Structure formats: C-alpha cells, structure tokens
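Keep in mind the model is a prediction, meaning the values are calculated, not measured.
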Amino acid sequence: NYSHEKPGRGLMAGNSLRINRKWIVRGLGFALVLMGCILRVSDPYPVEISRLIYFDFLQRLAPRTFDADLPVRVVDIDEASLSQLGQWPWPRSKVARLVEKLEGYGAASIAFDILFAEPDRYSPHRLAEDPIFAGYLRDAIDLNKLDNDQRFSNAITGRPVALGVAARPDLKTKQIVPRAGIIEIGDQPGLLLPRALSWTPLAVPLNETAVGIGGINVSPVGQISVVRTVPLLWQGPTGIIPGLGIEALRLAIAEQNIFVEGAENERGIVLSVSLGAFHIPTDEIGQVWMHYRPDNPGLYLSAADVLDEKDNEQLRSEIEGRIILVGTSSAGQVDISETTLGQSVPGVSINEKLIEQII
C-alpha cells in the first residue's frame, strides 16, 4: 500500500498540520488580547479591586518618607485643648484670637478644615434674640459690637485665611462664590470634575470677607472607602471651587489663578493642574493619586498652646513661613479616613499630606 502513495503526500500533510497549529496559536493569542482589552475597558469590580489592592501593597512596601522641613503643619483642636478651653464649638471670638496668634507667629496661610455654616450661638448678639435673655438686657446696649461672627470676620479680613465648605449630595444650592480664578486650557477639562450638587453655607459675614474658600471633602460625595485619590478641584453650582489643600497653597504663594490643562481633542479630560511654579499631574477627573507617609505626631501643634498668651519661640519656629491647617482630632468631632497604609487619620491630615506631596 505504501508503494502506491503519491510522492510528497506525507510531507504535504505535515505542512498542513503545522499551518493549522500556527493559526490556532494566533487565534488563541488574538482571543486573549481581545479578552484583555474588553476587561480593561469594562474594568469589572474584581479586576479593579485587585489593582487597588496591589497599589496599597506597593504603598506599604515603600511609603513616602517624613520630611520635617516641609512647610506644612496642623493646629489640632485636640482633647487637651478642649479640656483647657472648653467644649467645641468654641465662641468665634476665640477662633478669631487663634487667627491673630497664628499670624503673629508668621504663618504663610491658614486654612480651616472646619465648617462655619451657622451663626455663632454663643454670640451675645445672638443671645439677645432669645426672648428669655432679651428681657434682661437694656435697650440702650448696642450688642452689634459683641457679635462673635463679626469679630471673626474682622480677624480674617485681608489675611491669607481659607474657610472650608463641604460638598452636599442634595440640590439645596448655596451661593458659594469661588475666590480662586480658574483658567481652563483645552476642551472643557472641568466638565467631569467631582461634582458638588450644593455646598454647606458660610455664616454671614464670613461669606463676604473670606479671601479663600476650599472644599474640605477628601473623596467624592458618597464614596466611603480607603482614600487613594484626592480631588484638587470640584465642579459646583456656582463654578469650580478648589479643594482646601490647594486653596491653602494658593494663598501661601499669593497666586490668584489656578490653571487646569485638558486634552485638545478629548472633551472633559484633565491632564494636570498648575499653580504658580507647581505643575501637578492628575487623573482624568483632576484627582491626585496619594503617596502616603505614616502619620507623624510631630506635625500636630495643640491649639491650646497656640492660644497661650505667652510668646513661645518653639511654636514660632514651627509656624513661621508655613501653611497651617486647623482641624480637630478629638473624639466625636472628627471625620476619620483610612489611608493606603492602613491608618485611620483625621481628614485634615490627608489635606496636609496632599500639600506636602505637591511641594
């Protein structure tokens, strides 16, 4: 039977088999590439969470190192401050005094990671509106001079002080007018920024005198998880408002404008944010991927120490020429966030680390 086969038939069969195998391998390779592309575009939850877990692992493997020379500090309304000076909220006359002391120590800028949404209920001017107290007060007394909100307003007027507002998930629009000039370069890069449907208000007259206003949220509204990215800018009902961290930096370097660079031919994509000499790469919606360092108690200054009437040269060396964020770590008053290092820290700490990272 073998003698009757045509010459070369076995060779042709072998070549055909090799060709078939080659196309099978190519087909499998194409299918794998196609599947990979589909997974990347659709980005299902298991793929996303695996990527983020790996990101966290790399952070813990190589966290950012602590640099005490970076010009950022936190003034903490801590348990010791509450024990010495009374429960929070303090009268705004006391907060005004805190501003005056910080300026006296040479702070480059001051930013409050605290909301001043309602009038000060401790103000004598407000107490006079209560019928019970009004009966004990003489009509001849002009209590307008004892308005704690006005006292705080006078303290921040003309000074590099930023007040915080919080993004709200409802449509109760509050007219928060941005203080920073936002210049967009490209095809509407601010279009898809994290959105605030409305903002918490600023009490009168603080809403008129503050030279800086920044969003205190460190993650988009409704997102509760490990904070890996922090928005630099927010799209709100009255325009783009910077986050508190970049607003504090803006005031410290006396810049008016923040530049948002977008893609030329792709609408709503952010490439970077620039402020003075700082050029900050971001993701496509204007967020910074955080590179954390372990929280360090050495960067926290007690508010009670700052408010002490005695001049403290050690405090001056920590405050002079630095950006000061005012927040609280006291139990029951603080918004706690988790970093990629597995630490639970006050929100003010994340804004402080953001400024460090930019610098």
Side-chain angles (χ1 to χ4, degrees), residues 64 67 70-76 102 107-115 160-167 176 178-182 190 193-194 196 199-200 210-221 223 227-236 240-260 270 272-283 285-293 295-296 299-301 321-329 334-337 339-340 345-359:
R64 186 163 56 82
D67 184 355
L70 287 173
V72 196
R73 293 292 185 269
V74 173
V75 168
D76 187 9
L102 288 171
S109 69
I110 304 164
F112 283 89
D113 198 309
I114 294 169
L115 300 177
V161 178
L163 301 183
V165 293
I176 298 295
R179 301 306 194 255
I182 306 294
L193 293 172
W199 295 102
T200 54
V211 299
I213 295 177
I216 67 173
N217 304 68
V218 293
S219 58
V221 178
Q223 188 180 99
V227 178
R228 299 179 178 90
T229 56
V230 175
L232 291 183
L233 304 165
W234 292 82
Q235 184 64 260
I240 297 175
I241 286 184
L244 188 67
I246 196 170
E247 183 74 337
L249 179 59
R250 181 184 72 82
L251 293 178
I253 62 176
E255 283 286 337
Q256 178 57 44
N257 297 320
I258 297 173
F259 293 84
V260 188
V270 181
S272 64
V273 172
S274 296
L275 175 62
F278 298 102
H279 182 78
I280 312 158
T282 68
D283 68 7
I285 60 171
Q287 299 183 126
V288 169
W289 283 92
M290 293 295 294
H291 185 191
Y292 285 107
R293 61 162 177 78
D295 213 26
N296 191 299
L299 293 187
Y300 292 82
L301 311 173
R322 288 187 163 95
I323 298 169
I324 303 300
L325 297 180
V326 181
T328 178
S329 65
V334 65
D335 58 323
I336 295 294
S337 300
T339 73
T340 55
V345 299
V348 66
S349 174
I350 291 181
N351 275 316
E352 184 266 336
K353 290 177 176 63
L354 172 65
I355 300 172
E356 281 187 12
Q357 184 170 322
I358 291 171
I359 294 174

Residue pair Glu352, Arg322: steps toward the salt bridge (Lys or Arg N to Asp or Glu O under 4.0 Å) verdict: CA-CA 11 Å; Glu352 184 266 336; Arg322 288 187 163 95; over 6 Å; no

Measure the spacing between [atom1] of [X] and [atom2] of [Y] and express it to the nearest 0.5 Å.
| X | Y | atom1 | atom2 | answer |
| --- | --- | --- | --- | --- |
| Glu247 | Ile323 | CD | CD1 | 11.5 Å |
| Asp113 | Leu325 | CG | CG | 7.0 Å |
| Ile358 | His279 | CD1 | NE2 | 12.0 Å |
| Ile216 | Leu163 | CD1 | CG | 11.5 Å |
| Leu232 | Leu354 | CG | CG | 6.0 Å |
| Ile324 | Ile110 | CD1 | CD1 | 7.5 Å |

Report, one line per pair, each donor and acceptor closer than 3.5 Å where one atom sits in a side chain of residues 252-259; sequence neighbours left out.
from	atom 1	to	atom 2	distance (Å)
Gln256	NE2	Arg179	O	2.9

Which residues satisfy the side-chain hydrogen bond (donor to acceptor under 3.5 Å, both in side chains) test with [X], sequence neighbours excluded?
| X | answer |
| --- | --- |
| Arg73 | Glu318 |
| Ser349 | Asp295, Tyr300, Lys353 |
| Asp283 | Gln287 |

Do [X] and [Y] touch side chain to side chain, with heavy atoms closer than 4.5 Å?
| X | Y | value |
| --- | --- | --- |
| Met290 | Thr339 | no |
| Leu233 | Val260 | yes |
| Leu301 | Asp76 | no |
| Ile213 | Val165 | yes |
| Leu251 | Val161 | no |
| Val326 | Ile114 | yes |
| Ile336 | Val345 | no |
| Asn351 | Leu244 | yes |

Heavy-atom pair of closest approach, residues [X] and [Y]:
| X | Y | answer |
| --- | --- | --- |
| Ser329 | Pro346 | CB-CG, 4.1 Å |
| Gly321 | Pro71 | O-CB, 4.1 Å |
| Arg250 | Gly212 | NH2-CA, 4.1 Å |
| Trp234 | Ser219 | CH2-O, 3.4 Å |

Got a sec, which residues hit side chain to side chain contact (heavy atoms under 4.5 Å, CB included) with [X], two or more places apart in sequence or on another chain?
| X | result |
| --- | --- |
| Val227 | Val218, Val230, Tyr292, Ser337, Ile350 |
| Arg228 | Leu52, Phe55, Asp56, Val226, Trp289, Thr340 |
| Leu70 | Arg64, Asp67, Glu356, Ile359 |
| Ile241 | Ile176, Pro178, Trp199 |

Chi angles and distances behind the side chain to side chain contact (heavy atoms under 4.5 Å, CB included) call for Leu249, Phe278: CA-CA 10 Å; Leu249 179 59; Phe278 298 102; 4.1 Å; yes

